[in-house]
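Excluded from the calculations below are hydrogen atoms, water molecules and symmetry mates; all remaining heavy atoms, backbone and side chain alike, are included. Every chain is numbered from 1, with letters handed out A, B, ... down the list of sequences. On a predicted model such as this, the values are computed, not experimentally measured, just so you know.
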2 protein chains.
Amino acid sequence: MSNTVSQSFARKVEREGVTVAEWVFLRALYDGGHVAPSQLAEGMAMTKGAISKLSDRLLEKSLIERRDNPDDKRAHTLALNQKGRALVPRLAALADENDEEFFSALTLDERRRLAQILRKIVNERELTNVPLD
Amino acid sequence: MSNTVSQSFARKVEREGVTVAEWVFLRALYDGGHVAPSQLAEGMAMTKGAISKLSDRLLEKSLIERRDNPDDKRAHTLALNQKGRALVPRLAALADENDEEFFSALTLDERRRLAQILRKIVNERELTNVPLD
DNA sequence: TATTGTTATACTCTATAACTATA
DNA sequence: TATAGTTATAGAGTATAACAATA
């Protein structure tokens, strides 16, 4: 089922010219302001190489901008540009629309219960899976 | 969350030398006996090309066998061989193990409720999404 | 030396479309 | 012509590992 939901979402964001992975990336920047690639890699649980490739594509699509770090010439930060900042809410709306498409079958009570159950699993995970650092 | 669950499963089946896509393929054959690639494509909602590539890999791994159709020289069927038939239950056990790892946080009642809620969404979908044929 | 990022390489997943052999 | 499968091509997603520049 989750595959169906996410494929449906993929088709929707594709119409806005981005992939799901790119959406996740943009979403992370929307919260973060100027963020170093290494931070993104950690936050998104991906390798530096993967982040590098993704950011290349988003730079090409003119959705993000990079800024050099004057204190450390190896480093730089990434942030949404105007176009990217404008896009994120549109993509978020598509996410809501997609959720609605599937979860509208449920009553409010069922939705609440579902969220509660899933949250319980996530919480349990966080306790069990002690970070490896 | 579903990504986490499925990545965890991916790591498990990888230890048995197969990918998740291959597991799905093998699972489909476990039910089906000798099946034509075109049937698999339809059943798994994939293109013929994708099925062809996957079956190539599974043939190389000696998990399935193909049999020519004497009545139609274009056609053939695919089936699990002995090794493949032996593997499927092991993979199914890994799937159970994986589920347990995540859903053991829930009480029996919560699991039942979760299943019920998800089933409701799926049922609704089946009504909404009339097949395109 | 250690760290930040990039690049090279590789593999899976999957699609589309052209193609071959047969029907 | 139509159908069953294969193959060619392509792009996303992601990893590992080697590398360059800088600290």
Side-chain angles (χ1 to χ4, degrees), chain A residues 2-4 6-11 13-26 28 34-61 63-79 133, chain B residues 2-4 6-11 13-26 28 34-61 63-79 133:
Chain A
S2 95
N3 284 350
T4 307
S6 107
Q7 272 169 39
S8 165
F9 181 58
R11 276 194 300 275
V13 296
E14 203 178 297
R15 296 200 295 260
E16 294 283 349
V18 299
T19 67
V20 173
E22 287 166 2
W23 147 251
V24 172
F25 195 111
L26 295 171
H34 281 263
V35 186
S38 50
Q39 272 173 58
L40 281 170
E42 199 189 325
M44 299 169 70
M46 291 170 67
T47 60
K48 298 175 299 174
I51 293 293
S52 195
K53 208 166 164 185
L54 259 178
S55 65
D56 274 357
R57 279 223 311 276
L58 290 169
L59 283 165
E60 254 176 49
K61 291 182 181 180
L63 292 169
I64 64 175
E65 62 180 38
R66 37 181 302 173
R67 182 184 292 173
D68 286 348
N69 180 343
D71 299 337
D72 184 340
K73 285 194 177 167
R74 295 171 305 180
H76 66 257
T77 57
L78 299 168
D133 325 318
Chain B
S2 96
N3 284 350
T4 307
S6 108
Q7 272 169 39
S8 165
F9 180 58
R11 277 195 299 277
V13 296
E14 204 179 294
R15 296 201 295 261
E16 294 281 350
V18 298
T19 67
V20 174
E22 287 164 2
W23 148 251
V24 173
F25 195 111
L26 295 172
H34 282 263
V35 186
S38 49
Q39 271 174 62
L40 282 170
E42 199 190 323
M44 300 169 71
M46 291 169 67
T47 59
K48 297 175 299 174
I51 293 293
S52 193
K53 208 162 165 187
L54 259 178
S55 66
D56 274 356
R57 279 225 308 280
L58 290 168
L59 283 165
E60 254 177 49
K61 291 182 181 180
L63 292 169
I64 64 176
E65 63 180 37
R66 37 182 299 173
R67 182 183 294 172
D68 286 348
N69 180 342
D71 299 336
D72 183 341
K73 284 194 178 168
R74 296 171 305 178
H76 67 257
T77 58
L78 299 168
D133 326 317

*Just checking N69(B): base, sugar-phosphate only, or nothing, at a heavy-atom cut-off of under 4.0 Å?*
nothing

*May I ask you to say what S38(B) touches in the nucleic acid, namely base, sugar-phosphate or nothing, with a heavy-atom cut-off under 4.0 Å?*
sugar-phosphate

_Pair T19(B)-E14(B), side chain to side chain contact (heavy atoms under 4.5 Å, CB included): steps then yes or no_ = CA-CA 6 Å; T19(B) 67; E14(B) 204 179 294; over 6 Å; no

*So, is T19(B) close to the dC13(C) phosphate, meaning a side-chain N or O under 4.0 Å from OP1 or OP2?*
yes

*Upstream residue (5' side of DNA chain D) when P70(A) and K53(A) are each assigned their closest nucleotide*: K53(A)

*Atom CZ of R11(A) to atom P of dA15(C): distance rounded to whole Å?*
11 Å

*So, S52(B) side chain and K48(B) main chain: donor-acceptor pair closer than 3.5 Å or not?*
no

*In whole angstrom, what separates R74(A)'s CZ from dT4(C)'s C1'?*
5 Å

*To the nearest angstrom, how far is M46(A) atom CE from dT4(C) atom P?*
18 Å

*Start and end of chain A contact along DNA chain D [non-hydrogen atoms, under 4.0 Å]*: dA12(D) to dA23(D)

*Which residue lies more 5' along DNA chain D, comparing K48(A) with Q7(B) via nearest heavy atoms*: Q7(B)

*If we fit an axis to the first five pairs and another to the last five of the helix from dT1(C)-dA23(D) to dA23(C)-dT1(D), what angle do they make, to the nearest 10°?*
30°

